[in-house]
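Source: prediction; values computed, not measured. Sequential numbering from 1 along the given sequence is applied to the chain's residues.
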Amino acid sequence: MIEVLAVDPDIGRQRGPIFIAGALVLDPEGELHRPAAQDILVENTVIVALGDEARSRGQAAKTFDARGMIVTPGFVNAHCHSHDTLLRGLFEQMTLETWGAVAFPFHWPTRRTEEIAVRTRAHAVECLLNGITTIQDMVTIVDFTSDHAAAVAGAYSEAGLEALIAPQYSDLAGRSGIPFADDCFAADEIGRLGDGSDFRPITEKLISIFTGVSMPGVSWALGPVQPQICSDDFLRWTAGYSAETGMRLYMHLYETRAEAILARRTLGSDVGSAVRRLVRLGVATPCLTIAHGVWITGGEIDELAQHGVGLATNPVTNLKLMNGFAPVRRYHDAGVATGLGCDNSSASDAQNIFQAMKAFALLWGMQSASNDQTAAAAAFRAATTGGAKLLGLEGQVGRIAPGYHANLTFVDATGPAWRPLNSAVRQLVYGETGRGVTHVMAGGRFVVTDGKCRTVDETSLCRDVDRIREAMETDLADVIGRAAMLTKPYAAVAARVAAEPLEFDARLLSPTSH
């Protein structure tokens with residue numbers, strides 16, 4: 001007689017082999033439209049067998065009845081920032097620059113360790129509830145300490161997420177990243193954009209801190225924020241450190257039109273190309289993932305492909321901050337590995353991979369020929385195998401196959417939205433909102449059951465978030481007040497940027513764009 005695994009609060013601590021029965025297995029390399037019901041056997045932290053082999057080997061395992069459920073790999077959030085989780089819902093119809101004047105951590109006083117732990121825990125739980133089991137977090141923490149590193153890593157480890165954390169850092173003053181800054185900002189305003197620093201002692205201390213923190217499921221990477229505020233020496237040093245240690249690199253590139261204009265005006269020796277500069281400095285390697293890559297030429301995309309650089313695209317944020325649209329189809333056709341991110345919670349307002357997949361698919365369709373019919377599958381793969389590759393986890397996460405981590409997302413497919421089941425991948429990408437996620441397994445244990453997180457108490461977490469957010473009110477008012485003083489110069493920069501000629505427009509969508 002089969003012993004059925006009960007759904008109860010203790011399931012989050014379930015150990016031992018688990019036989020998952022009758023799931024409609026939606027694997028990115030398998031049948032995507034009408035997937036067959038299959039059994040899955042999980043032992044310890046990995047998937048060990050599927051189908052008949054799972055049934056023959058799983059007789060002694062406890063059984064979880066997954067009939068009526070679409071089961072996908074746990075999704076990979078290939079680019080996000082936990083540091084502004086508590087600022088969600090504050091912004092809309094703002095440019096990246098004016099939004100960043102409030103949202104970027106260096107505008108704030110040093111944060112308490114408890115606040116960092118709570119906001120990271122909230123970020124982690126939201127990811128899990130939306131079926132995300134693996135993330136890449138480019139977190140910024142001012143005056144970074146070992147307690148801060150432990151707070152971030154501990155929050156992810158406690159929740160059960162697999163997290164690759166890349167603390168952000170740079171060495172040039174903020175003015176270096178803004179075209180026409182000297183013309184548009186007064187001297188006292190320039191000072192509010194951030195100061196430069198000697199990168200070596202700061203970076204070496206930062207790396208020493210985070211590499212000294214080891215927790216289950218957590219690893220570390222390098223996060224040079226964006227090339228325009230990083231010196232040549234700093235980028236060259238970072239590339240060398242990555243080559244020496246094998247640590248991966250994550251960087252924002254060409255998110256805004258202003259960045260493309262700045263490159264044209266300041267990088268004459270690199271033919272006006274930030275990509276060419278990264279190549280020259282040895283940064284453009286298979287260890288590098290760029291985020292966004294919106295205002296980029298086809299030639300630069302080809303150059304990224306030649307050097308094995310990956311793309312983490314963030315369509316929801318790019319739309320909400322009015323930056324345009326990454327040419328995702330062009331990246332794909334060039335052979336650039338592409339993953340999908342949910343980005344900042346204060347910019348996209350949600351760590352919801354379903355929203356991101358839908359936006360990706362719609363943009364892909366607009367950049368493809370009529371009747372192409374590959375958009376949904378491309379979005380699903382970007383959120384699974386694509387993201388896994390960008391995190392250096394290819395062959396480990398992102399698929400439902402023997403030997404892969406037992407990271408699984410269970411979606412209730414019994415409701416009207418799934419009837420009739422004409423195409424599982426299209427109905428998942430275009431129709432699912434995340435509300436259908438009932439269970440999530442991460443590393444072989446159930447961390448979400450019946451739509452509730454079982455590793456973190458949600459009620460207590462929400463109380464902590466509300467309490468800390470209330471305590472932030474004075475700081476927030478001060479930051480908003482200082483940011484308001486920069487509205488006029490930023491508007492002047494925007495006007496100059498808009499008037500500057502550029503050979504393409506990333507806000508236009510067509511199969512021939514770029």
For G293 versus P327, what's the shortest heavy-atom pair and its separation?
O-CD, 3.7 Å
Does R67, at its CZ atom, have more than 12 non-hydrogen atoms belonging to other residues, nucleotides or ligands within less than 6.0 Å?
no
R88/D349 salt bridge by N-O under 4.0 Å criterion:
no
Could you measure the distance from the CD1 atom of I132 to the CD atom of E162? Nearest 0.5 Å is fine.
13.5 Å
Reported CD-to-OG1 distance for the pair Q396 and T134, which is rounded to 0.5 angstrom
10.0 Å
Electrostatic pair R467-E114, nearest N-O below 4.0 angstrom:
yes
Which atom names give the shortest non-hydrogen contact between I135 and L391, and what distance separates them?
O-CD2, 3.6 Å
If only side-chain N and O atoms count, and only distance matters, is there a donor-acceptor pair under 3.5 Å linking W295 with T256?
no
Do we see a donor-acceptor contact under 3.5 Å between the side chains of D137 and S82?
yes
Less than 6.0 Å separating the ring centroids of F410 and F446?
yes
Just how far is it from atom CD of E43 to atom CZ of R57, taken to the nearest 0.5 Å?
5.5 Å
Determine the minimum heavy-atom distance between L461 and A122, stating which atoms define it.
CD2-CA, 3.8 Å
Assess the residue pair E158 and R121 against the criterion (salt bridge (charged side-chain N to carboxylate O under 4.0 Å, His left out)); give the C-alpha distance rounded to whole Å, side-chain angles, the decisive distance to 0.1 Å, and a yes or no.
CA-CA 8 Å; E158 173 194 4; R121 195 173 298 123; 3.0 Å; yes
Say whether R381 and T384, considering side chains only, have a donor N or O and an acceptor N or O under 3.5 Å apart.
no
Other residues, nucleotides, ligands: >12 heavy atoms within 6.0 Å of K389 NZ:
no
Is there a donor in the side chain of N314 and an acceptor in the side chain of T317, or the other way round, less than 3.5 Å apart?
no
Can you name the closest pair of heavy atoms from P315 and A356 and give their distance?
CG-O, 3.7 Å
Find the distance between CD (Q168) and NE2 (H81) and round it off to the nearest 0.5 Å.
5.0 Å
May I ask you to test the E53-D39 pair for a side-chain heavy-atom distance under 4.5 Å?
no
Please determine which of L32, I353, L340 meets the side-chain contact (heavy atoms from CB on, under 4.5 Å) test together with F380.
L32
In sequence, state the C-alpha distance, the side-chain angles, and the governing distance for E432 and V411, and then conclude on side-chain contact (heavy atoms from CB on, under 4.5 Å).
CA-CA 9 Å; E432 181 56 56; V411 180; 3.4 Å; yes
Rounded to the nearest 0.5 angstrom, the CG-CD distance for L278 and E300 is 9.5 Å
SB check R329 D372 (cutoff 4.0 Å):
yes
Check whether the ring centres of W220 and F210 lie less than 6.0 Å apart, and answer yes or no.
yes
Does the distance from a Lys or Arg side-chain N to an Asp or Glu carboxylate O, for D302 and R330, drop under 4.0 Å?
yes
Ring centroid separation for F144 and Y169, is it under 6.0 angstrom?
no
Value rounded to 0.5 Å, distance of CZ in F325 from CG in L319:
5.5 Å
Just do the side chain to side chain donor-acceptor pair (under 3.5 Å) check on D412 and T414 with the steps written out, would you?
CA-CA 6 Å; D412 182 1; T414 61; 2.6 Å; yes
Holding to ring pair (Phe, Tyr, Trp, His ring centres under 6.0 Å), I want the full list of residues that pass it with Y250, two or more places apart in sequence or in another chain.
none
In this structure, which one of Q59, R55, K62 forms a side-chain contact (heavy atoms from CB on, under 4.5 Å) with F19?
R55
Is a side-chain donor-acceptor pair under 3.5 Å present for D84 with N344?
yes
Using a strict threshold of under 4.0 Å (side-chain N to carboxylate O), is an ion pair present between K452 and D450?
no
Decide side-chain contact (heavy atoms from CB on, under 4.5 Å) for W108 and L87; before the verdict, give the C-alpha distance in whole Å, the side-chain angles of both, and the deciding distance to 0.1 Å.
CA-CA 12 Å; W108 287 71; L87 303 182; 4.0 Å; yes
Please determine, by modelled atom types, if Q351 and S345 share a side-chain donor-acceptor pair under 3.5 angstrom.
yes
More than 12 non-hydrogen atoms from neighbouring residues, nucleotides or ligands closer than 6.0 Å to CD on E92, yes or no?
no
Looking only at heavy atoms, which two atoms of P35 and A424 are closest? And how far apart?
CD-CB, 3.6 Å
Is there a side-chain contact (heavy atoms from CB on, under 4.5 Å) between T72 and L408 once you walk through the steps?
CA-CA 6 Å; T72 73; L408 302 170; over 6 Å; no
Closest approach of M69 to D65 (non-hydrogen atoms, all atoms of both residues):
CE-O, 4.3 Å
Do the two ring centres, one from H83 and one from H148, sit under 6.0 Å apart?
no
Are H292 and H79, when compared by the centres of their aromatic rings, separated by less than 6.0 Å?
yes
